Amino acid sequence: MSRRRVAYYYDPDVGAYSFGMTHPMKPQRMRITHELVSAYEMLPKMRVLRANRATATDMTKFHTDEYVHFLSRVTPENARQLTYNGNQFLVGDDNPAFDGVFEFCSISAGGSVAAAQRLMEGKCDIAINWAGGLHHAKKREASGFCYVNDIVLGILEMLRSVPRVLYIDIDCHHGDGVEEAFYTTNRVMTCSFHKYGEYFPGTGTQHDKGRGKGRGYALNIPLKDGITDEAYRSVFEPVIDKILDVFQPSAIVLQCGADSLSGDKLGCLNLTMHGHANCVRYVRSKNIPLMLLGGGGYTVKNVARTWTYETACALGIENDIDLNLPWNEYFEWFGPRYRLEVPESNMEDMNTESLDKVRSNALEQLSRLRPAPSVGLQDVPRASVGEFLGIGSAHEQAPLDELDEQLAQHTRFVYNMQESMARSESESDSESDTARPRTRSRDIRSGKKRMSLLTGEIYDVPRLEERENGYYDLGCGHEPWANDAPARGVRRHFFQGGARWDPASHQIVMERERAGLSNGQVDVGRLMANGGREEEAATDLVDEMDVDSEDVRV
C-alpha cells in the first residue's frame, strides 16, 4: 500500500479518568493503545499532535447551552441536585457523574474537532483520534457512556469546507446520536453496521431512513449474534461501494468501535482483529480524506490490540509489523499468548438466513437516491469578528459595573440558559413503510423510553413526583411547581430573571398600575414556557405535548 500522511492525536491525560471501579468503560484503553503504538515504533512515521481541548462554546455548536453548563458544574456530590433527581441530563445508571467528566469530554471533542480541521486544511490524508467516537451522546442528554458527541462536532467542522460527509459506524451498537443529529439533511450520510434486537439502544432498523431532505440518507445494517469476518465483509464492501458511487462524499468519518470484536464483554459479534481492520483497509483504499475514531470496546486488551493494528493499516505497514508483541509497559496484560491477534470464537453465526435480505434492502434504498446532492459553499471565516479586529471580551476592556452585571444576568436568562419548546414534527412520510409497527424503536427515539447499555432493560423516563398538596417537587432546590401551572407538560421549566427596574422607573410603573394603566410588561418566564404564545392560545398545545418528545434538527 502507498504511504499516507497520518496525523495522530493523543492527550496523555486521557487515561487518568475513571467512570468508576465497576464500570465497563475504561479510558485507560487509550493509554494502552498509545503504548503499543509507541512500542511498534509507529510514532515517528506519523505527525503526533496534542489537540487543544474543546471549550464549552465549542460544545454548544451541537449541544444545548443548558446541557453544557450542566456538564461543566456536575460532580458526584451535586449530581442528584443538578439532574433533578435523575430526571434530566444523566438518566439511568449508564452515565455516572465521575470526577473530571467535563475535562474528559473536552479532550475527546477537542481531538475530533482538531482532526477534522487538519484534514480539511489538507495537512494530512488520515487523522486518528482513538479518544473520540462517542456516538450515543444526544443534544441535551448523555447516553450509552457518551456525554459529548465529538463525532457530530467533527462532522460539523468538516461541513464548513466540503459539501458532503460520509459517516460509517462499525461499533456493535447503533450510532443513534449521530444519526439523529443529521436525520433531516442530505449533506451527511450515516451508515451503521450494528447488532439489533433486544439490544441497546433499541434503534437502527432498516425502516429508519431519514426525514425531509435527509430521506434515504440514513442507512442501517441490522445484524444478529455471531457474525463472522467473511459474512461481515460480504455486506460491508458492496454497501460502501454503492454509497461512494451514489453519494460521492468529500470526506469519510469511520467510527471503529471495538465492541464488535469477538470476546467483548458487552458485544455479541464474532469479528477477529483482521476482520475488523479490513473495514479500515477497504475505506483507506478509496483515497478519500479519512478520519478514524474510537468508540466502544470493553475487553481492554483486545481494544488496544485492534486499534494498534488499525493504526498500522492507516500507515500502510500492517504487513510489516511482527504479530508477536514487543516489550511495553503493559506487556503482562497480554499473556499467555503475547500476540497481537484477536481470534474468533466458536460462537454460532445467526445471520446466515437474514444477511442476504438485509444487504439487498440496503442496496435497494441506495439505488433510489438522487446522485451526489450538492450545496453552495462560500469562504467561512476561521475567527470571530472580535478576534479578527483584536477586540477581547468585555472583562478585558474594563471591569463590569453594576448595570453591566444586571444586563448580563438578564441576557443569560433570555438567550443562553433556556430553550424553546420542542416542536413535534409535522412532516409525514410518503412511503408505505411508515405504517409498519415500530413501537419500541419509535418510543426510544422520541425519548419516551430509555434502554440501559449495562442491563439491556427498557424503562420509562423518570417523571416528576407529585406532592400531596398538588405540587411537583423539582428536586433541585427551586420552588415547587403547581400541577395547574401554565407550564405543565412542557419540557423545560422557566424562572423569573434577576433583572430589576431602577428605582425611578419602578416608581413610575407602580403608579401606572395603581391608576389601572397597562405598562406593556411581559412575563418572560411564562411566555417562554408557553412557547412564545399567549396563555390562552397555548393551553391546548401544551396539554397535547409529551414531556419528553425529542426533535433533533440541524
Side-chain angles (χ1 to χ4, degrees), residues 8-12 14-40 42 104 107-108 111-112 128-136 144-146 150-151 168-173 175 193-195 200 229 232 254-281 292-314 318 321 323 325-326 328-335 337-345 453-454:
Y8 175 86
Y9 284 88
Y10 176 72
D11 191 311
V14 71
Y17 298 93
S18 173
F19 282 53
M21 291 295 294
T22 60
H23 200 284
M25 174 63 91
K26 306 294 183 184
Q28 192 183 15
R29 62 202 179 131
M30 277 79 79
R31 165 75 177 175
I32 301 174
T33 300
H34 182 75
E35 286 297 322
L36 280 181
V37 170
S38 177
Y40 272 108
M42 297 185 204
F104 175 77
I107 292 174
S108 171
S112 295
I128 301 174
N129 177 32
W130 294 129
L134 305 180
H135 57 168
H136 294 306
F145 313 159
C146 307
D150 64 285
I151 304 172
I168 306 172
D169 192 316
I170 59 174
D171 194 285
C172 187
H173 301 92
F193 300 80
H194 54 270
K195 162 69 188 296
F200 181 88
D229 291 352
Y232 200 92
L254 178 58
Q255 197 265 18
C256 303
D259 49 5
S260 50
L261 290 168
S262 174
D264 190 82
K265 291 180 179 178
L266 299 182
C268 51
L269 303 184
N270 196 19
L271 296 182
T272 69
M273 179 188 74
H274 293 284
H276 194 274
N278 177 68
C279 300
V280 176
R281 288 196 298 266
L292 298 179
L293 302 176
Y298 309 103
T299 301
V300 173
K301 58 185 179 181
N302 288 348
V303 175
R305 284 168 164 143
T306 301
W307 287 351
T308 299
Y309 185 72
E310 289 173 348
T311 303
C313 292
E318 67 272 20
I321 64 174
L323 296 182
L325 288 173
N328 62 86
E329 183 179 348
Y330 298 91
F331 188 76
E332 289 81 4
W333 285 38
F334 298 95
R337 295 176 57 248
Y338 303 103
R339 297 272 295 176
L340 190 65
E341 302 106 327
V342 178
E344 67 179 0
S345 68
L453 197 158
L454 289 172

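As the structure is a prediction and not an experimental result, all values here were calculated from the model.
- When every heavy atom of Leu292 is checked against every heavy atom of Cys256, the shortest pair comes out as CD2-SG, 4.2 Å.
- Here His276 and Tyr309 keep their ring centres 6.0 angstrom or further from each other.
- Interatomic distance, SG of Cys172 versus CG of Leu266, reported as 9.0 Å (0.5 Å rounding).
- Residues Ser260 and Leu269 share a closest heavy-atom pair of O-CB, 3.4 Å.
- Taking both residues in full, the closest heavy atoms of Gly296 and Asp171 are given as N-OD2, 2.9 Å, listed atom of the first, atom of the second, then distance.
- Distance CG/Leu271 to OG/Ser345: 10.5 Å, rounded to 0.5 Å.
- In this structure, OG in Ser38 is found 9.0 Å from CG in Asn328, a value given to the nearest 0.5 Å.
- In terms of heavy-atom proximity, Arg337 sits nearest to Glu341 at NH2-OE1, 3.4 Å.
- A distance-only check finds a donor-acceptor pair linking the side chain of Lys26 to the backbone of Met21 [under 3.5 Å].
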Start with the C-alpha gap between Arg305 and Phe334, add the side-chain angles, then the distance that decides, and say whether side chain to side chain contact (heavy atoms under 4.5 Å, CB included) holds. CA-CA 9 Å; Arg305 284 168 164 143; Phe334 298 95; 3.6 Å; yes
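- Tyr17 contributes atom OH, which lies 11.5 Å from atom OG of Ser108 (distance to the nearest 0.5 angstrom).
- Of all non-hydrogen atoms in Phe200 and His173, the two that sit nearest each other are O-CD2, 3.3 Å.
- Tested against Thr306, the residues Val280, Thr33, Leu261 include a single side-chain contact (heavy atoms from CB on, under 4.5 Å) partner, Leu261.
- Of the possible donor and acceptor atoms, one in the side chain of Thr311 sits under 3.5 Å from a partner among the backbone N and O of Trp307.
- Looking at Tyr232 and Ile170, their side chains come closer than 4.5 Å, going by heavy atoms from C-beta outward.
- Aromatic ring orientation, His23 versus Phe19: tilted (interplanar angle from 30° to 60°).
- Only one option out of Thr299, Asn270, Asn302 pairs with Ser262 in a side-chain hydrogen bond (donor to acceptor under 3.5 Å, both in side chains); it is Asn270.
- Under the 4.5 Å side-chain criterion, counting only non-hydrogen atoms from C-beta, Asp169 is not in contact with Phe193.
- Shown here for Thr272 and Pro343, the closest heavy-atom pair between the two residues is CG2-C, 3.9 Å.
- The distance from atom SG of Cys313 to atom CD of Glu318, rounded to the nearest 0.5 Å, is 4.0 Å.
- For Gln255 (side chain) and Gly133 (main-chain N/O), a donor-acceptor pair under 3.5 Å exists by modelled atom type.
- Counting heavy atoms from C-beta outward, Val303 and Ile32 have side chains that stay 4.5 Å or more apart.
- Distance check: Gln28 CD to Arg31 CZ gives 8.5 Å after rounding to the nearest 0.5 Å.
- Ring centroids of Tyr298 and Phe145 are separated by less than 6.0 Å, placing the two rings close together.
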Under the side chain to side chain contact (heavy atoms under 4.5 Å, CB included) rule, what do Trp130 and Tyr8 come out as? Steps first, then yes or no, please. CA-CA 9 Å; Trp130 294 129; Tyr8 175 86; 4.0 Å; yes
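- Side-chain contact between Met42 and Thr308 is present, with heavy atoms from C-beta onward closer than 4.5 Å.
- Contact check for Lys265 versus Pro24: no side-chain heavy atoms found under the 4.5 Å cut-off.
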